[in-house]
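Written out below as structure tokens is the structure these notes cover.
It should be emphasised that the depicted structure is a prediction, and the values quoted were computed from it without experimental measurement. The residues of the chain are indexed from 1 along the displayed sequence.
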Amino acid sequence: MKYLSHYIISGVLILSGILSYAFYKKSIAEEREILENASYTIVNSWELPTLLDEVSGIAWVNDSTIACIQDENGVIYNFNLNTGEISNDITFGEDGDYEAIALHENDAYVMRSDGRIFEVKSFTSDTVAPRYFDTSFKSKNNMESLTYNPKTKSLVTIAKDKGLDKDRYKGLYSIPLATKILDEKPLFKIDMQAKEFEAFQTKKEEKTFNPSDIAIHPKTGEYYLVDGKKPKLLILSATGTIKRVHELNKYHFAQPESITFSPNGTLYIANEAADGVATLLEVTLKK
């Protein structure tokens, strides 16, 4: 009897190995097919530490470091691209729903979902004394996007849900650092009924496109906006014209929540863990 149980266990292990190998081959084949049909290529990928399962904002620091925030703690985490680990962290505030980060030289700006922005001067120093300023946005707007425009020396943001205007339009707004006051008029508006959104339109116009972060290409000045609800990447010209919408496959982009560029134009997109692990992806777009 003991030999019979031994054979049964061995058979189960062998069958399990065969099924695992078959599943692995199927997964590789599926990914290859997805990438062949996608309008993007994954150049590099990193699994983020569990501390960043809820990663909600990223910003380029230098060749080895990406600054990250997550939407529960008032902490900036410096993720090391070489080691795949958090090199250090900076506490700037109490727990809260922090959704976006932008950097200007040594200063960090973190946006909370209710529109409040925290200014962290010399954010890499041993001690920080953050200040904050409010915008015209509130919790109902669900703010998740923030970037810095070096040409205008301003922060740029956009509402994820309801905008300040009609539901059909979502405006990109500028916040000059000299005043820290949101401009009343938007830089330009994105039309939720634009033909480029036809495949994504819903009964509620505001849900056609829900920006979860924004970044400006350092060489072209184009605006890149990522949508985490229905994964896609919108590219606007420097003057606000829709250039292209890239659909992002959930195989690679389970929940894309944040985006940034290196100075040479390398694109990075971070995914929340969703049902798996949080990831940081280096992406190139096909023309």
Side-chain angles (χ1 to χ4, degrees), residues 48-81 83 85-139 141-160 173-184 212-216 218 257-263 268 270 272 278 280:
L48 295 175
T50 53
L51 268 175
L52 293 171
D53 277 354
E54 300 287 329
V55 61
S56 55
I58 60 175
W60 176 267
V61 178
N62 55 45
D63 288 343
S64 64
T65 308
I66 298 282
C68 308
I69 58 166
Q70 55 109 320
D71 63 7
E72 294 179 345
N73 306 126
V75 181
I76 298 172
Y77 300 93
N78 283 333
F79 177 74
N80 190 297
L81 295 171
T83 65
E85 298 176 346
I86 295 171
S87 57
N88 69 306
D89 56 69
I90 305 97
T91 300
F92 67 87
E94 299 177 350
D95 291 352
D97 190 13
Y98 302 101
E99 294 288 352
I101 181 171
L103 300 183
H104 167 47
E105 298 177 347
N106 295 321
D107 303 333
Y109 297 86
V110 180
M111 176 167 261
R112 208 166 62 183
S113 61
D114 61 0
R116 174 167 291 181
I117 296 176
F118 292 79
E119 179 183 46
V120 189
K121 291 283 189 179
S122 301
F123 80 97
T124 57
S125 62
D126 294 334
T127 58
V128 295
R131 297 178 292 181
Y132 67 81
F133 54 93
D134 291 317
T135 65
S136 302
F137 294 100
K138 305 299 178 184
S139 296
N141 305 117
N142 197 7
M143 304 305 295
E144 294 194 359
S145 299
L146 192 70
T147 192
Y148 176 70
N149 188 339
K151 291 185 177 180
T152 61
K153 298 181 180 179
S154 301
L155 299 171
V156 179
T157 189
I158 182 174
K160 180 177 183 178
Y173 288 83
S174 181
I175 308 169
L177 288 184
T179 64
K180 297 183 178 64
I181 298 174
L182 184 86
D183 288 346
E184 290 186 7
S212 55
D213 203 7
I214 183 174
I216 299 174
E257 289 289 334
S258 42
I259 183 173
T260 192
F261 283 102
S262 72
Y268 295 88
E272 283 193 5
L280 175 68

Taking it one step at a time, do Asp97 and Arg112 satisfy salt bridge (Lys or Arg N to Asp or Glu O under 4.0 Å)? CA-CA 6 Å; Asp97 190 13; Arg112 208 166 62 183; over 6 Å; no
For ring pair (Phe, Tyr, Trp, His ring centres under 6.0 Å), just list the numbers for Phe261 and Trp60, CA-CA rounded to whole Å, side-chain angles, deciding distance to a tenth of an Å, and then say yes or no. CA-CA 6 Å; Phe261 283 102; Trp60 176 267; over 10 Å; no
From CA spacing to verdict: side-chain contact (heavy atoms from CB on, under 4.5 Å), Glu85, Asn80: CA-CA 5 Å; Glu85 298 176 346; Asn80 190 297; 5.6 Å; no
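Contact between Leu280 and Ala270 at its shortest, heavy atoms only, is CD1-CB, 4.1 Å. Pairing each heavy atom of Ala278 with each of Asp53, the nearest pair is CB-CA, 3.9 Å. The two residues Thr157 and Ser145 make their nearest non-hydrogen contact at OG1-O, 2.6 Å. Contact between Tyr148 and Ser154 at its shortest, heavy atoms only, is CD1-O, 3.4 Å. Scanning all heavy atoms of the two residues, the minimum distance from Leu146 to Tyr109 falls at CD2-O, 3.5 Å.
Without hydrogens or angle criteria, Asn149 side chain to Lys151 main chain gives a donor-acceptor distance under 3.5 Å. A side-chain donor-acceptor contact under 3.5 Å links Asp114 to the backbone of Arg116. The closest donor-acceptor contact from the side chain of Thr65 to the backbone of Asn62 lies at 3.5 Å or more, if one exists at all.
Between Glu119 and Lys180 there is a salt bridge, with a side-chain nitrogen of the basic residue lying less than 4.0 Å from a carboxylate oxygen of the acidic one.
The side chain to side chain contact (heavy atoms under 4.5 Å, CB included) with Ile117 is formed by just one residue from the set Leu182, Val110, Leu155; it is Leu155.
Centroid-to-centroid, the aromatic rings of Tyr132 and Phe92 stay 6.0 Å apart or farther. Note: Phe118 and Phe133 fail the aromatic proximity criterion, with ring centroids not under 6.0 Å apart.
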